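Below: the structure, in C-alpha coordinates.
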Number of protein chains: 2
Amino acid sequence: MTDFLARRDSWSTANCSIAGALDVVGNRTTLLLLREASFGTRRFDEFARRVGVSEPVAAARLKQLVADGLLDRRPYREPGQRTRDEYVLTDKGRDLLPVLAALREWGDTYAVDEPAVRLAHHDCGAAVHVALRCAAGHDVPADEVDLLPGPGLLPS
Amino acid sequence: MTDFLARRDSWSTANCSIAGALDVVGNRTTLLLLREASFGTRRFDEFARRVGVSEPVAAARLKQLVADGLLDRRPYREPGQRTRDEYVLTDKGRDLLPVLAALREWGDTYAVDEPAVRLAHHDCGAAVHVALRCAAGHDVPADEVDLLPGPGLLPS
DNA sequence: CGGCTGACTTAGGGAAACCAAAGCCAGCTA
DNA sequence: TAGCTGGCTTTGGTTTCCCTAAGTCAGCCG
(Lines give C-alpha, C1' and ligand atoms only; values in the text may rest on other atoms or scores of the structure.)
Protein backbone atom coordinates (compact mmCIF):
# COMPACT_ATOMS: atom_id res chain seq x y z
CA MET A 1 0.00 0.00 0.00
CA THR A 2 3.02 2.24 0.28
CA ASP A 3 3.39 3.01 -3.41
CA PHE A 4 -0.27 3.03 -4.24
CA LEU A 5 0.37 6.21 -6.19
CA ALA A 6 2.21 4.15 -8.78
CA ARG A 7 -0.91 2.03 -9.38
CA ARG A 8 -3.33 4.89 -9.66
CA ASP A 9 -4.69 3.83 -13.03
CA SER A 10 -7.16 1.78 -11.03
CA TRP A 11 -8.55 4.61 -8.94
CA SER A 12 -7.64 7.94 -10.52
CA THR A 13 -10.83 8.24 -12.50
CA ALA A 14 -13.29 6.25 -10.44
CA ASN A 15 -14.71 7.51 -7.19
CA CYS A 16 -12.73 10.75 -7.32
CA SER A 17 -14.07 13.49 -5.09
CA ILE A 18 -12.76 16.21 -7.37
CA ALA A 19 -14.46 14.69 -10.39
CA GLY A 20 -17.64 14.31 -8.35
CA ALA A 21 -17.54 17.94 -7.32
CA LEU A 22 -16.89 19.02 -10.90
CA ASP A 23 -19.93 17.08 -12.06
CA VAL A 24 -21.94 19.56 -10.02
CA VAL A 25 -19.99 22.81 -10.30
CA GLY A 26 -17.53 22.14 -13.11
CA ASN A 27 -18.88 24.89 -15.25
CA ARG A 28 -18.11 28.55 -15.36
CA THR A 29 -21.65 29.87 -15.21
CA THR A 30 -22.57 27.70 -12.24
CA LEU A 31 -19.65 28.95 -10.17
CA LEU A 32 -20.34 32.56 -11.11
CA LEU A 33 -23.95 32.15 -10.02
CA LEU A 34 -22.73 30.82 -6.69
CA ARG A 35 -20.40 33.80 -6.44
CA GLU A 36 -23.40 36.08 -6.88
CA ALA A 37 -25.41 34.13 -4.33
CA SER A 38 -22.54 34.55 -1.88
CA PHE A 39 -22.69 38.30 -2.51
CA GLY A 40 -26.35 38.23 -1.52
CA THR A 41 -27.99 38.31 -4.94
CA ARG A 42 -31.42 36.70 -4.81
CA ARG A 43 -33.49 37.69 -7.80
CA PHE A 44 -33.54 36.05 -11.17
CA ASP A 45 -32.82 39.05 -13.33
CA GLU A 46 -30.01 40.21 -11.06
CA PHE A 47 -28.33 36.82 -11.35
CA ALA A 48 -28.54 36.94 -15.12
CA ARG A 49 -27.33 40.53 -15.41
CA ARG A 50 -24.53 40.34 -12.89
CA VAL A 51 -23.15 37.06 -14.15
CA GLY A 52 -23.43 38.37 -17.69
CA VAL A 53 -25.43 35.47 -19.01
CA SER A 54 -28.64 35.23 -21.00
CA GLU A 55 -31.95 34.51 -19.32
CA PRO A 56 -32.40 30.99 -20.72
CA VAL A 57 -29.01 30.01 -19.41
CA ALA A 58 -29.62 31.63 -16.04
CA ALA A 59 -32.93 29.78 -15.79
CA ALA A 60 -31.39 26.43 -16.69
CA ARG A 61 -28.39 26.75 -14.35
CA LEU A 62 -30.43 28.07 -11.42
CA LYS A 63 -32.86 25.20 -11.87
CA GLN A 64 -29.98 22.75 -11.83
CA LEU A 65 -28.49 24.36 -8.73
CA VAL A 66 -31.83 23.99 -6.94
CA ALA A 67 -32.09 20.37 -8.09
CA ASP A 68 -28.58 19.71 -6.78
CA GLY A 69 -29.46 21.25 -3.45
CA LEU A 70 -27.00 24.16 -3.58
CA LEU A 71 -29.67 26.83 -3.76
CA ASP A 72 -33.06 26.99 -2.16
CA ARG A 73 -35.90 28.53 -4.13
CA ARG A 74 -38.62 30.05 -2.04
CA PRO A 75 -41.36 32.58 -2.38
CA TYR A 76 -41.05 36.01 -0.83
CA ARG A 77 -42.93 39.26 -1.10
CA GLU A 78 -41.84 42.83 -0.81
CA PRO A 79 -44.47 45.22 0.55
CA GLY A 80 -46.84 46.34 -2.20
CA GLN A 81 -45.40 43.80 -4.63
CA ARG A 82 -46.64 40.45 -5.77
CA THR A 83 -45.11 37.21 -4.58
CA ARG A 84 -41.83 36.26 -6.23
CA ASP A 85 -39.23 33.56 -5.91
CA GLU A 86 -35.79 34.11 -4.54
CA TYR A 87 -32.72 31.89 -4.59
CA VAL A 88 -30.59 31.56 -1.47
CA LEU A 89 -27.61 29.40 -0.62
CA THR A 90 -28.18 26.20 1.30
CA ASP A 91 -25.57 24.82 3.70
CA LYS A 92 -24.41 22.55 0.91
CA GLY A 93 -23.93 25.57 -1.31
CA ARG A 94 -22.27 27.61 1.41
CA ASP A 95 -19.74 24.81 1.86
CA LEU A 96 -18.44 25.69 -1.59
CA LEU A 97 -17.24 29.08 -0.37
CA PRO A 98 -13.70 27.77 0.20
CA VAL A 99 -13.61 26.82 -3.47
CA LEU A 100 -14.67 30.31 -4.46
CA ALA A 101 -12.22 31.84 -2.01
CA ALA A 102 -9.37 29.73 -3.39
CA LEU A 103 -10.27 30.66 -6.97
CA ARG A 104 -10.46 34.31 -5.99
CA GLU A 105 -7.09 34.20 -4.30
CA TRP A 106 -5.45 32.60 -7.32
CA GLY A 107 -7.16 35.06 -9.64
CA ASP A 108 -6.04 37.99 -7.47
CA THR A 109 -2.47 36.87 -7.93
CA TYR A 110 -2.42 35.72 -11.54
CA ALA A 111 -5.48 36.83 -13.47
CA VAL A 112 -6.33 40.44 -12.64
CA ASP A 113 -4.34 43.57 -11.95
CA GLU A 114 -6.39 45.05 -9.16
CA PRO A 115 -8.94 42.89 -7.36
CA ALA A 116 -12.38 44.47 -7.16
CA VAL A 117 -13.22 42.79 -3.87
CA ARG A 118 -11.24 41.78 -0.86
CA LEU A 119 -12.28 39.57 2.02
CA ALA A 120 -11.78 40.76 5.57
CA HIS A 121 -12.36 39.19 8.95
CA HIS A 122 -15.42 40.86 10.44
CA ASP A 123 -13.98 40.81 13.96
CA CYS A 124 -10.51 42.20 13.33
CA GLY A 125 -10.55 43.59 9.78
CA ALA A 126 -7.53 41.58 8.64
CA ALA A 127 -7.43 40.10 5.13
CA VAL A 128 -8.87 36.60 4.78
CA HIS A 129 -7.15 33.93 2.76
CA VAL A 130 -7.33 30.21 2.18
CA ALA A 131 -4.92 27.93 4.01
CA LEU A 132 -4.26 24.24 4.34
CA ARG A 133 -4.29 23.05 7.93
CA CYS A 134 -4.07 19.69 9.60
CA ALA A 135 -6.36 18.46 12.31
CA ALA A 136 -3.59 19.01 14.84
CA GLY A 137 -3.68 22.72 14.04
CA HIS A 138 -0.50 23.08 12.01
CA ASP A 139 -0.24 25.17 8.90
CA VAL A 140 0.56 22.77 6.08
CA PRO A 141 2.60 24.03 3.12
CA ALA A 142 1.88 22.35 -0.21
CA ASP A 143 5.05 20.28 -0.06
CA GLU A 144 4.15 18.77 3.31
CA VAL A 145 0.96 17.16 2.07
CA ASP A 146 1.00 13.37 1.86
CA LEU A 147 -1.43 11.47 -0.33
CA LEU A 148 -2.76 8.36 1.36
CA PRO A 149 -5.33 5.78 0.28
CA GLY A 150 -8.75 6.54 1.71
CA PRO A 151 -11.56 4.23 2.82
CA GLY A 152 -12.80 3.92 -0.76
CA LEU A 153 -9.62 2.04 -1.65
CA LEU A 154 -9.23 -0.29 1.29
CA PRO A 155 -11.35 -3.17 -0.10
CA SER A 156 -9.09 -3.46 -3.17
CA MET B 1 -18.70 53.11 -0.08
CA THR B 2 -20.42 51.35 2.79
CA ASP B 3 -23.16 49.70 0.75
CA PHE B 4 -21.12 49.11 -2.35
CA LEU B 5 -22.61 45.62 -2.44
CA ALA B 6 -25.92 47.16 -3.44
CA ARG B 7 -24.32 48.74 -6.52
CA ARG B 8 -22.49 45.68 -7.68
CA ASP B 9 -23.98 45.74 -11.17
CA SER B 10 -21.04 47.97 -12.00
CA TRP B 11 -18.30 45.60 -10.88
CA SER B 12 -19.70 42.10 -10.51
CA THR B 13 -18.75 41.01 -13.99
CA ALA B 14 -15.77 43.19 -14.77
CA ASN B 15 -12.39 42.61 -13.24
CA CYS B 16 -13.56 39.66 -11.16
CA SER B 17 -10.77 37.43 -9.91
CA ILE B 18 -13.01 34.38 -9.89
CA ALA B 19 -14.04 34.93 -13.49
CA GLY B 20 -10.40 35.48 -14.40
CA ALA B 21 -9.39 32.24 -12.74
CA LEU B 22 -12.23 30.39 -14.46
CA ASP B 23 -11.05 31.68 -17.82
CA VAL B 24 -7.94 29.59 -17.23
CA VAL B 25 -9.21 26.58 -15.27
CA GLY B 26 -12.98 26.79 -15.65
CA ASN B 27 -13.23 23.48 -17.38
CA ARG B 28 -13.48 20.00 -16.04
CA THR B 29 -10.71 18.40 -18.04
CA THR B 30 -8.22 21.11 -17.18
CA LEU B 31 -8.74 20.71 -13.45
CA LEU B 32 -8.54 16.94 -13.68
CA LEU B 33 -5.25 17.23 -15.56
CA LEU B 34 -3.95 19.43 -12.77
CA ARG B 35 -5.14 16.87 -10.25
CA GLU B 36 -3.07 14.25 -12.08
CA ALA B 37 -0.07 16.55 -12.22
CA SER B 38 -0.37 17.04 -8.47
CA PHE B 39 -0.33 13.24 -8.07
CA GLY B 40 2.95 13.17 -9.96
CA THR B 41 1.76 12.09 -13.40
CA ARG B 42 4.13 13.33 -16.08
CA ARG B 43 3.64 11.46 -19.32
CA PHE B 44 1.16 12.21 -22.04
CA ASP B 45 -0.55 8.87 -22.27
CA GLU B 46 -0.85 8.59 -18.50
CA PHE B 47 -2.58 11.94 -18.35
CA ALA B 48 -5.03 10.88 -21.04
CA ARG B 49 -5.75 7.48 -19.52
CA ARG B 50 -6.02 8.58 -15.90
CA VAL B 51 -8.21 11.57 -16.61
CA GLY B 52 -10.35 9.41 -18.87
CA VAL B 53 -10.12 11.69 -21.85
CA SER B 54 -9.26 11.08 -25.50
CA GLU B 55 -5.81 11.82 -26.80
CA PRO B 56 -6.79 14.81 -28.96
CA VAL B 57 -8.39 16.46 -25.95
CA ALA B 58 -5.44 15.67 -23.70
CA ALA B 59 -3.08 17.16 -26.27
CA ALA B 60 -5.13 20.33 -26.62
CA ARG B 61 -5.61 20.91 -22.89
CA LEU B 62 -2.00 20.15 -22.00
CA LYS B 63 -0.88 22.55 -24.69
CA GLN B 64 -3.14 25.22 -23.26
CA LEU B 65 -1.89 24.58 -19.73
CA VAL B 66 1.68 25.02 -20.91
CA ALA B 67 0.73 28.21 -22.76
CA ASP B 68 -0.95 29.53 -19.62
CA GLY B 69 2.14 28.75 -17.57
CA LEU B 70 0.58 26.18 -15.24
CA LEU B 71 2.63 23.28 -16.57
CA ASP B 72 6.17 23.16 -17.81
CA ARG B 73 6.99 20.91 -20.74
CA ARG B 74 10.51 19.67 -20.83
CA PRO B 75 12.49 16.87 -22.36
CA TYR B 76 13.68 13.96 -20.28
CA ARG B 77 15.17 10.57 -21.00
CA GLU B 78 14.96 7.30 -19.18
CA PRO B 79 18.03 5.07 -19.54
CA GLY B 80 17.91 3.09 -22.80
CA GLN B 81 14.92 5.10 -24.00
CA ARG B 82 14.65 7.93 -26.44
CA THR B 83 14.08 11.50 -25.36
CA ARG B 84 10.51 12.35 -24.41
CA ASP B 85 8.60 15.30 -23.04
CA GLU B 86 7.17 15.43 -19.57
CA TYR B 87 4.74 17.89 -18.01
CA VAL B 88 5.35 19.19 -14.50
CA LEU B 89 3.60 21.78 -12.38
CA THR B 90 5.01 25.28 -12.25
CA ASP B 91 4.66 27.48 -9.18
CA LYS B 92 1.68 29.10 -10.82
CA GLY B 93 0.09 25.69 -11.25
CA ARG B 94 0.99 24.57 -7.75
CA ASP B 95 -0.77 27.63 -6.37
CA LEU B 96 -4.01 26.08 -7.60
CA LEU B 97 -3.68 23.23 -5.11
CA PRO B 98 -5.94 24.99 -2.59
CA VAL B 99 -8.65 25.02 -5.25
CA LEU B 100 -8.21 21.29 -5.81
CA ALA B 101 -8.13 20.66 -2.07
CA ALA B 102 -11.33 22.65 -1.55
CA LEU B 103 -13.07 20.79 -4.38
CA ARG B 104 -11.90 17.49 -2.97
CA GLU B 105 -13.14 18.35 0.49
CA TRP B 106 -16.57 19.32 -0.81
CA GLY B 107 -16.70 16.21 -2.97
CA ASP B 108 -15.72 14.01 -0.03
CA THR B 109 -18.70 15.34 1.88
CA TYR B 110 -21.34 15.58 -0.83
CA ALA B 111 -20.38 13.74 -3.99
CA VAL B 112 -18.84 10.38 -3.13
CA ASP B 113 -19.48 7.71 -0.52
CA GLU B 114 -15.93 6.77 0.31
CA PRO B 115 -13.10 9.04 -0.75
CA ALA B 116 -10.32 7.21 -2.60
CA VAL B 117 -7.62 9.55 -1.34
CA ARG B 118 -7.07 11.49 1.81
CA LEU B 119 -4.57 14.22 2.54
CA ALA B 120 -2.35 13.98 5.60
CA HIS B 121 0.23 16.27 7.12
CA HIS B 122 3.62 14.72 6.45
CA ASP B 123 5.02 15.78 9.82
CA CYS B 124 2.22 14.63 12.11
CA GLY B 125 -0.05 12.41 10.02
CA ALA B 126 -3.21 14.37 10.82
CA ALA B 127 -5.84 14.96 8.14
CA VAL B 128 -5.40 18.10 6.04
CA HIS B 129 -8.30 20.35 5.20
CA VAL B 130 -8.94 23.78 3.78
CA ALA B 131 -9.65 26.67 6.12
CA LEU B 132 -10.26 30.38 5.90
CA ARG B 133 -7.89 32.40 8.03
CA CYS B 134 -7.21 36.06 8.50
CA ALA B 135 -3.80 37.69 8.47
CA ALA B 136 -4.02 38.05 12.25
CA GLY B 137 -4.13 34.27 12.53
CA HIS B 138 -7.78 33.74 13.43
CA ASP B 139 -9.90 30.99 11.98
CA VAL B 140 -12.66 32.69 10.04
CA PRO B 141 -16.03 30.95 9.74
CA ALA B 142 -17.97 31.69 6.56
CA ASP B 143 -20.35 34.04 8.34
CA GLU B 144 -17.54 36.24 9.65
CA VAL B 145 -16.26 37.17 6.21
CA ASP B 146 -16.82 40.78 5.18
CA LEU B 147 -16.75 41.83 1.55
CA LEU B 148 -14.96 45.11 1.03
CA PRO B 149 -14.12 47.07 -2.11
CA GLY B 150 -10.61 46.33 -3.30
CA PRO B 151 -8.06 48.54 -5.06
CA GLY B 152 -9.67 47.86 -8.40
CA LEU B 153 -12.74 49.78 -7.28
CA LEU B 154 -11.20 52.78 -5.58
CA PRO B 155 -10.88 54.98 -8.70
CA SER B 156 -14.65 54.79 -9.31
C1' DC C 1 -60.18 45.39 -17.44
C1' DG C 2 -56.03 46.60 -19.87
C1' DG C 3 -51.26 47.50 -19.49
C1' DC C 4 -46.84 46.81 -17.31
C1' DT C 5 -43.28 44.22 -15.01
C1' DG C 6 -40.81 40.26 -13.26
C1' DA C 7 -39.79 35.71 -14.17
C1' DC C 8 -39.38 32.79 -16.92
C1' DT C 9 -39.92 29.43 -21.45
C1' DT C 10 -39.63 28.42 -26.44
C1' DA C 11 -37.42 28.53 -30.98
C1' DG C 12 -33.60 28.56 -33.89
C1' DG C 13 -28.79 28.61 -34.49
C1' DG C 14 -23.59 28.98 -33.77
C1' DA C 15 -19.36 27.78 -31.35
C1' DA C 16 -16.77 24.94 -28.16
C1' DA C 17 -15.67 20.57 -26.27
C1' DC C 18 -15.83 15.93 -26.56
C1' DC C 19 -15.47 11.18 -28.88
C1' DA C 20 -13.58 7.19 -31.86
C1' DA C 21 -10.73 5.88 -35.56
C1' DA C 22 -6.93 6.46 -38.17
C1' DG C 23 -2.53 8.50 -39.58
C1' DC C 24 2.21 10.32 -38.85
C1' DC C 25 6.91 10.72 -37.23
C1' DA C 26 11.11 9.87 -34.47
C1' DG C 27 14.12 6.84 -32.75
C1' DC C 28 15.35 2.59 -30.19
C1' DT C 29 15.40 -2.62 -31.03
C1' DA C 30 16.22 -6.78 -33.89
C1' DT D 1 16.34 -1.69 -42.64
C1' DA D 2 12.03 -3.08 -40.93
C1' DG D 3 9.19 -3.06 -37.16
C1' DC D 4 7.42 -1.26 -32.71
C1' DT D 5 6.26 2.30 -29.40
C1' DG D 6 5.35 6.88 -27.49
C1' DG D 7 3.52 11.06 -28.48
C1' DC D 8 1.06 13.24 -30.71
C1' DT D 9 -2.27 15.22 -35.11
C1' DT D 10 -6.09 14.75 -38.42
C1' DT D 11 -10.80 13.67 -39.67
C1' DG D 12 -15.56 13.55 -39.07
C1' DG D 13 -19.38 13.50 -36.18
C1' DT D 14 -22.14 14.28 -31.60
C1' DT D 15 -23.22 16.67 -27.49
C1' DT D 16 -23.09 20.66 -24.52
C1' DC D 17 -23.18 25.37 -23.86
C1' DC D 18 -24.29 29.62 -25.09
C1' DC D 19 -26.55 33.34 -27.89
C1' DT D 20 -30.67 36.53 -29.62
C1' DA D 21 -35.40 37.17 -30.28
C1' DA D 22 -39.83 36.37 -29.20
C1' DG D 23 -43.62 34.41 -26.44
C1' DT D 24 -46.10 33.30 -21.98
C1' DC D 25 -48.16 33.99 -17.61
C1' DA D 26 -49.34 36.00 -13.19
C1' DG D 27 -50.77 39.72 -10.63
C1' DC D 28 -50.49 44.66 -8.98
C1' DC D 29 -51.74 49.40 -10.79
C1' DG D 30 -54.61 52.72 -13.03
Side-chain angles (χ1 to χ4, degrees), chain A residues 9 12-13 16 18-19 22-37 40-68 71-88, chain B residues 6 9 12-13 16 18-19 22-37 40-68 70-88:
Chain A
D9 276 2
S12 241
T13 311
C16 172
I18 296 178
L22 291 175
D23 285 340
V24 179
V25 296
N27 148 320
R28 178 188 165 87
T29 303
T30 298
L31 280 166
L32 292 180
L33 286 169
L34 289 170
R35 177 200 68 185
E36 281 310 313
T41 296
R42 297 179 169 219
R43 282 171 45 180
F44 176 83
D45 63 326
E46 293 178 335
F47 276 111
R49 188 172 59 252
R50 289 171 181 164
V51 169
V53 86
S54 66
E55 289 179 344
V57 171
R61 295 279 153 269
L62 286 170
K63 190 170 291 186
Q64 189 61 50
L65 281 165
V66 170
D68 289 336
L71 293 181
D72 205 9
R73 178 188 185 169
R74 57 192 196 202
Y76 79 109
R77 118 174 303 151
E78 290 177 2
Q81 300 280 42
R82 58 185 269 217
T83 306
R84 310 181 193 291
D85 286 329
E86 64 178 358
Y87 300 87
V88 292
Chain B
D9 276 2
S12 241
T13 311
C16 171
I18 296 177
L22 291 176
D23 286 340
V24 179
V25 296
N27 145 322
R28 177 187 166 86
T29 303
T30 298
L31 280 166
L32 292 180
L33 286 169
L34 289 170
R35 175 200 69 184
E36 280 310 312
T41 296
R42 298 180 169 218
R43 281 171 47 180
F44 176 83
D45 63 325
E46 293 178 335
F47 276 111
R49 188 172 59 253
R50 289 172 181 165
V51 168
V53 85
S54 64
E55 289 178 343
V57 170
R61 295 279 152 270
L62 286 170
K63 191 169 289 185
Q64 189 62 49
L65 282 166
V66 170
D68 288 336
L70 305 185
L71 293 181
D72 206 9
R73 178 188 186 170
R74 56 194 197 199
Y76 78 110
R77 120 174 303 150
E78 290 177 3
Q81 299 280 41
R82 57 184 269 217
T83 305
R84 310 182 193 291
D85 287 330
E86 63 178 357
Y87 299 88
V88 292

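To find a chain, count down the sequence lines: A is the first, B the second, and so on, and within it residues start at 1. Computed from a predicted model, the values in this text were never measured in an experiment. Note that these values count all heavy atoms, side chains included, but never hydrogens, waters or copies made by symmetry.
Across all strands shown, B/Tyr87 has heavy atoms under 4.0 Å from sugar-phosphate atoms exclusively, and none from any base. Here B/Arg73 lies in heavy-atom contact (under 4.0 Å) with sugar-phosphate atoms only.
Residue A/Leu65 contributes atom CG, which lies 13 Å from atom P of C/dC8 at whole-angstrom precision. Summarising the geometry, the separation between CG on A/Asp23 and P on D/dC17 is reported as 11 Å, rounded to the nearest angstrom. For A/Leu22 and C/dA17, the CG to P distance is 15 Å, given to the nearest whole Å. The CG-P distance, from B/Asp85 to C/dA26, rounds to 14 Å in whole Å. Regarding B/Arg42, its CZ atom lies at a distance of 13 Å from the P atom of D/dG7, rounded to whole Å. If you measure from atom CZ of B/Arg49 to atom C1' of D/dG7, you get 13 Å, rounded to the nearest angstrom. In this entry the distance linking CD of A/Glu86 with P of C/dA7 reads 11 Å, nearest Å. At whole-Å resolution of the value, CD in A/Glu46 and P in C/dC8 are 12 Å apart.
Considering SG of B/Cys16 and CD of A/Glu36, their distance stands at 8.0 Å, rounded to 0.5 Å. One finds the CD atom of A/Glu55 at 7.5 Å from the CG atom of A/Asp45 (value rounded to the nearest 0.5 Å).
Of the residues in residues 53-64 of chain B, those placing a heavy atom less than 4.0 Å from an atom of DNA chain C are B/Val53, B/Ser54, B/Pro56, B/Val57, B/Arg61, in numerical order.
Between B/Arg43 and D/dG7 there is a side-chain polar atom (N or O) within less than 4.0 angstrom of OP1 or OP2. Close to D/dC18, at under 4.0 Å from its OP1 or OP2, lies a side-chain N or O of A/Thr29.
The closest side-chain heavy-atom distance from A/Val66 to A/Leu62 is not below 4.5 Å. Side-chain contact between A/Arg42 and A/Arg74 is present, with at least one heavy-atom pair separated by less than 4.5 Å.
Nearest to the side chain of A/Asn27, among D/dG7, C/dA7, D/dC18, sits D/dC18.
The two residues A/Thr41 and A/Phe47 come nearest to each other via the heavy atoms O-CZ, 3.2 Å.
Residues passing the salt bridge (charged side-chain N to carboxylate O under 4.0 Å, His left out) test with A/Asp85, sequence neighbours excluded: A/Arg73.
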Hey, can you pull the donor-acceptor pairs under 3.5 Å for the side chains in residues 23-32 of chain B, sequence neighbours left out?
from    : atom 1 : to      : atom 2 : distance (Å)
B/Asp23 : OD1    : A/Arg28 : NH1    : 2.5
B/Asn27 : OD1    : B/Thr29 : N      : 3.1
B/Asn27 : OD1    : B/Thr30 : N      : 3.0
B/Asn27 : OD1    : B/Thr30 : OG1    : 3.1
B/Arg28 : NH1    : A/Ala19 : O      : 3.3
B/Arg28 : NH1    : A/Asp23 : OD1    : 2.5

